[in-house]
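Notes for the one structure printed next.
Bear in mind that the values here come from a model prediction, so they are computed numbers and not experimental data. In what follows, chains are A, B, ... by sequence order, proteins preceding strands, each numbered from 1.
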Amino acid sequence: MTDPLVWILLGVVGVWAALDGTSVGQFMVARPLVSGVLAGTLLGDAWTGLLVGGILELLHLSYLPAGGARVAEPGPAAVPGVLAATLHAGPGGIALGVALGVLLSSLGGATVALQRRWNTRLVQGAEDGGWPRARYGRVLALCLGLDGLRAATVVGAGLAVAVAFPAAWVVRWPLPTWETVALCLMAGFLAVGVLATGTSPGGRRRGAAILALGLTAGLAMGLLAW
Amino acid sequence: MVNRTEARLLLRSFLVQAAWNHRTLLGVGTAWALAPELEDERALARHAEAFNTHPYLATVALGALARMERDGEDPERIRKFRSALRAPLGSLGDALVWAGWLPGALLVAGISVLLGASPGAAAIVFLALHNAMHLSLRAWGVRVGFRDGIEVGGALARVRLDRMGTRAREGALLLSGVFMGLLGAMGAAYLDRRLAWALGALAILGVGLWRGRRLPGGSAGWLALLLLAGGALVVTIETGASR
């Protein structure tokens with residue numbers, strides 16, 4: 001893991017995920033499921049990427065980036081999270097990866113709010129009629145550049161923490177892998193519950209009925225599969 | 001097929017949120033996206049005024065505004081139309097995309113993993129499913145917007161985006177149930193103390209259903225950290241006691 005190209009590419013994936021979240025495209029590379037798998041593939045362990053990215057995805061499933069809502073930023077956060085889990089193999093690494101991902105996701109959300117305040121200063125006067133045509137493009141590019149710089153700082157800090165975290169602490173993690181993963185997924189049930197109430201168009205009761213139907217079908221499928 | 005103006009608006013729509021700010025929201029992005037269609041700099045300034053909508057459906061607004069400017073509509077009429085579009089496009093997009101299709105596509109990818117798909121396949125399934133709708137919606141929006149101009153409301157009503165949003169949200173809900181059921185069955189196969197796990201998961205789901213959006217954003221993430229810390233503490237104490 002000393003190849004500088006891998007570090008650069010991890011940074012690129014993190015910044016790409018951050019820009020994709022709001023500023024450019026919204027193709028949903030910003031989702032931790034995608035950025036996690038990309039980071040894992042770069043690090044030679046796509047399954048760990050999927051595990052950490054997938055857990056972060058489930059934990060953030062109920063986020064609606066509607067309007068100007070302040071949201072967390074789990075996509076870029078998944079990249080350092082996956083690095084941590086890959087560097088510190090085992091259940092302690094998974095716990096560290098998820099914890100780092102959750103904390104960085106929240107930090108990333110706070111920096112997005114800060115950057116929007118900078119943007120507010122940059123666009124001052126745009127609607128007053130004094131701007132030449134070219135200035136709109138220049139300001140847009142400047143806002144994009146700031147967003148990229150912000151994302152690079154957050155992802156870079158996260159990668160540094162993942163590398164610097166003492167391995168001796170990670171190996172002392174007392175829970176086995178299955179229980180570690182299960183606890184994280186169990187917390188994800190909270191996000192699913194929130195999603196169900198927030199998205200149930202026919203009211204809470206109809207939402208609960210649809211959810212129960214799906215739950216029964218899933219249990220039946222799972223019991224047949226395993 | 002889209003013409004050159006529509007193609008330009010479509011491409012520029014991908015950056016409509018690049019200067020998102022608390023003063024004009026998408027205003028500057030909207031003005032920049034419309035710039036090649038506007039000859040007068042005063043029109044540019046008008047379009048830089050506060051405007052917000054769902055980014056995927058912003059193409060409806062961009063197409064319609066470009067058509068109105070081309071047809072030489074009265075600026076005040078354009079301003080009123082722009083303001084009237086804001087809320088409906090935003091709420092239609094939020095319901096259809098953020099609350100329905102996006103979580104649905106993610107859950108399909110999650111279910112495919114639980115049923116044996118590889119990490120790469122899961123990511124591709126999600127991106128393909130989501131972007132099939134995303135790109136279709138953007139392209140459709142710019143086409144009907146530019147074709148219908150101020151009459152675009154009729155096209156929006158005809159395709160019943162609200163009904164599509166309802167179906168997408170119900171689909172996502174069903175898929176979230178299937179996903180949790182599969183996780184439950186997997187837990188039953190691989191974990192000890194099954195009853196405790198099942199009760200814990202149901203209790204957490206119940207809190208989510210009960211409190212819903214009144215829970216602060218990010219609650220699930222913080223709960224994960226709390227559960228991990230609690231679980232580690234319990235196992236450490238149990239191990240210490242058994243010695």
Give the intermediate values and the outcome of side chain to side chain contact (heavy atoms under 4.5 Å, CB included) for residues A:Y136 and B:T30.
CA-CA 10 Å; A:Y136 291 91; B:T30 306; over 6 Å; no
Given that the side chain runs from C-beta out, which part of A:W118 has a heavy atom under 4.5 Å from chain B: side chain, backbone, both or neither?
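For A:W118, there is no contact with chain B at all, as no heavy atom is under 4.5 Å.
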Which residues in residues 92-101 of chain A have any heavy atom closer than 4.5 Å to a heavy atom of chain B?
A:A95, A:A99
Indicate yes or no: at least one non-hydrogen side-chain atom of B:L15 is less than 4.5 angstrom from one of A:S23.
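Counting from C-beta outward, B:L15 and A:S23 never come under 4.5 Å.
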Can you confirm whether A:R206 sits close enough to B:E170 that some side-chain heavy atom of one is under 4.5 Å from a side-chain heavy atom of the other?
yes
Look at atom CZ of A:R133 and say whether more than 12 heavy atoms of other residues, nucleotides or ligands are closer to it than 6.0 Å.
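Yes, the 6.0 Å shell around CZ holds more than 12 heavy atoms from other groups.
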Take atom CZ in A:R172; do more than 12 heavy atoms of anything else shown fall under 6.0 Å from it?
no
Could you check whether any side-chain N or O of [X] sits under 3.5 Å from a backbone N or O of [Y], counting only pairs where one atom can act as donor and the other as acceptor?
| X | Y | answer |
| --- | --- | --- |
| A:N119 | B:W20 | yes |
| A:T120 | B:H22 | yes |
| B:Q17 | A:T22 | yes |

Select one option (side chain, backbone, both, neither) describing which atoms of B:A58 are under 4.5 Å from chain A's heavy atoms.
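For B:A58, neither part sits under 4.5 Å from chain A.
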Is it the backbone or the side chain of B:L183 that comes under 4.5 Å from a heavy atom of chain A, or both, or neither?
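Contact with chain A is through the side chain of B:L183 alone.
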Going by the angle between their ring planes, with limits at 30° and 60°, are B:Y190 and A:W178 parallel, tilted or perpendicular?
parallel
Set out, in order, the CA-CA distance, both residues' side-chain angles and the distance that settles side chain to side chain contact (heavy atoms under 4.5 Å, CB included) for B:S176 and A:L211, then state yes or no.
CA-CA 7 Å; B:S176 61; A:L211 193 67; 3.3 Å; yes
Which of B:V28, B:L38, B:L175, B:L44 touches chain A most, by non-hydrogen pairs under 4.5 Å:
B:L44
Give a yes or no on whether a salt bridge exists between B:R46 and A:E127, defined as a side-chain N under 4.0 angstrom from a carboxylate O.
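Salt bridge absent between B:R46 and A:E127.
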